[in-house]
Amino acid sequence: MNLLRRLRSLFRRNRLEAEMADELRAHLEMQEAANRAAGMSADEARYAARRQFGGVDQIKETARDQRGWVWLEQLGKDFQLAGRTLRKSPGFTAVAVSLLSLGIGANSAFFSLFKAHALAPFPYANPGRIVQLWGARESMVERNPWSTPDFLDVQRQCASLAESGAFNTAAFNLGGNDPGVLHGVACTPGVLRALGVQPQLGRWFTDGDVQPGAPSAVILSHASWTGHFGAAPDLIGHAIRLNGQDYVVVGIMPADFEFYSPYTGPQATELWVPLQLSSAGRSRDDH
């Protein structure tokens, strides 16, 4: 009941103010009449009534506090004052609105990126168990990619890793009827096994795909499959031309699969090729 009364007071403010003024005036007149009946002059009776009654403005503020939300009424007054000020200075208003729009847009974009990279879970199986390992530079300022010998040592010796893989980013020139440059990743079979996402068509890379002399294989993203090859269902097992070399298509990834690279973020990766690693002739300083 009290809540309803307060809500009504927000929409009947002028009427309530008028009623309160009338009621206060009636009380003052009654006190003034009583003072005159006690033998005071008209002026003495009026001044005495005001002294006896107390501060009128303070009484009004107390009544307003009891009947509604003063902070909400004050907020409305602040908005009205701000509106009048902005109308008087259209140039300042335009600049202020532009700056506010830029600030809101920048904050929205930043939060969207932060949510995508830091708050939203990675779209992989068991994302809490996936880690990325980096080497450290002496300055400890930047993360350093690993060398091939270091990675192979960890892969052989670290028993706490269920799967391990290495990858690097690369660009590929697509030949044929729809030429173009595709953003790709060269990776060992363990990378896709660790992510745990099954191809929509075909298979992952196998250890045989990274053996010396093995036919060059490629896995396509769903977007590159539909965009460059018309979503041909019989593309698996056929060769496409990349960097002037034939690669046999062994798999098509699902449409919602994204590969998060530390170099490009969730930039669309359009294909994956096997990464053949050998420590022979590779320096630990070659990352």
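Atom CG of Leu192 sits about 9.5 Å away from atom OH of Tyr124, to the nearest 0.5 Å. Summarising the geometry, atom SG belonging to Cys187 is positioned 8.5 Å from atom CG belonging to Leu195; distances are rounded to the nearest 0.5 Å. Within the model, atoms OG of Ser224 and CZ of Phe172 stand 12.0 Å from one another, a figure rounded to the nearest 0.5 Å. Atoms CD1 and CD1, on Ile252 and Ile219 in that order, are 9.0 Å from each other to the nearest 0.5 Å. Taking NE2 from His228 and OG from Ser221, the interatomic distance works out to 8.0 Å, rounded to the nearest 0.5 Å.
Proximity of a side-chain donor or acceptor of Thr188 to a complementary backbone N or O of Ala166 within less than 3.5 Å is detected. Asn168 places no side-chain N or O within 3.5 Å of a backbone atom of Ala186 that could act as its donor or acceptor partner.
Ring geometry for Phe259 versus Phe257: interplanar angle of 30 to 60°, hence tilted.
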How far apart are the C-alpha atoms of Asp209 and Thr206, what are their side-chain angles, what is the distance that settles it, and do they pass the side chain to side chain contact (heavy atoms under 4.5 Å, CB included) test? CA-CA 5 Å; Asp209 292 321; Thr206 66; 3.4 Å; yes

When you look at Trp272 and Leu220, which way does the side chain to side chain contact (heavy atoms under 4.5 Å, CB included) test go after all the steps? CA-CA 6 Å; Trp272 295 262; Leu220 298 176; over 6 Å; no

For the pair Leu242 and Ile240, evaluate side chain to side chain contact (heavy atoms under 4.5 Å, CB included) and give the outcome as yes or no after the intermediate values. CA-CA 6 Å; Leu242 297 173; Ile240 63 174; 4.2 Å; yes

Is there a side chain to side chain contact (heavy atoms under 4.5 Å, CB included) between Glu270 and Val185? Walk through the geometry before answering. CA-CA 8 Å; Glu270 298 169 285; Val185 166; over 6 Å; no

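For the pair Leu133 and Trp146, the minimum side-chain heavy-atom distance is below 4.5 Å.
Under a hydrophobic-cluster definition in which Ile, Leu, Val, Met, Phe, Trp and Tyr are linked whenever side-chain heavy atoms come within less than 4.5 Å, directly or via other members, Val273 and Leu201 are assigned to the same cluster. Tracing side-chain contacts under 4.5 Å through hydrophobic residues (I, L, V, M, F, W, Y), one never reaches Leu277 starting from Trp134; they form parts of separate clusters. Ile236 and Leu174 fall within the same hydrophobic cluster, defined by Ile, Leu, Val, Met, Phe, Trp and Tyr side-chain heavy atoms under 4.5 Å apart, directly or through other members. In this structure, Trp204 is a member of the same hydrophobic cluster as Phe167, with clusters built from ILVMFWY side-chain heavy atoms closer than 4.5 Å. Criterion: ILVMFWY side-chain heavy atoms under 4.5 Å apart, direct or through other members. Under it, Val191 and Phe205 are part of a common hydrophobic cluster.
Closest approach of Ala214 and Gly208 over heavy atoms only: CB-O, 3.2 Å. Taking both residues in full, the closest heavy atoms of His222 and Met253 are given as CB-O, 3.4 Å, listed atom of the first, atom of the second, then distance. Between Ala217 and Pro274 the shortest heavy-atom distance is O-CD, 3.0 Å. When all heavy atoms are compared, the tightest approach of Trp225 to Gln200 is CZ3-NE2, 4.0 Å.
Residue Arg203 places its CZ atom among more than 12 non-hydrogen atoms of other residues, nucleotides or ligands, all under 6.0 Å distant.
Between the side chains of Ser101 and Ser98, no donor N or O sits under 3.5 Å from an acceptor N or O.
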Show me the donor-acceptor pairs, under 3.5 Å and distance only, between side chains in residues 244-251 and residues at least two apart or in other chains.
residue : atom : partner : partner atom : Å
Gln245  : NE2  : Ser216  : OG           : 2.6
Asp246  : OD1  : Arg241  : NH1          : 2.9
Asp246  : OD2  : Arg241  : NH1          : 3.4

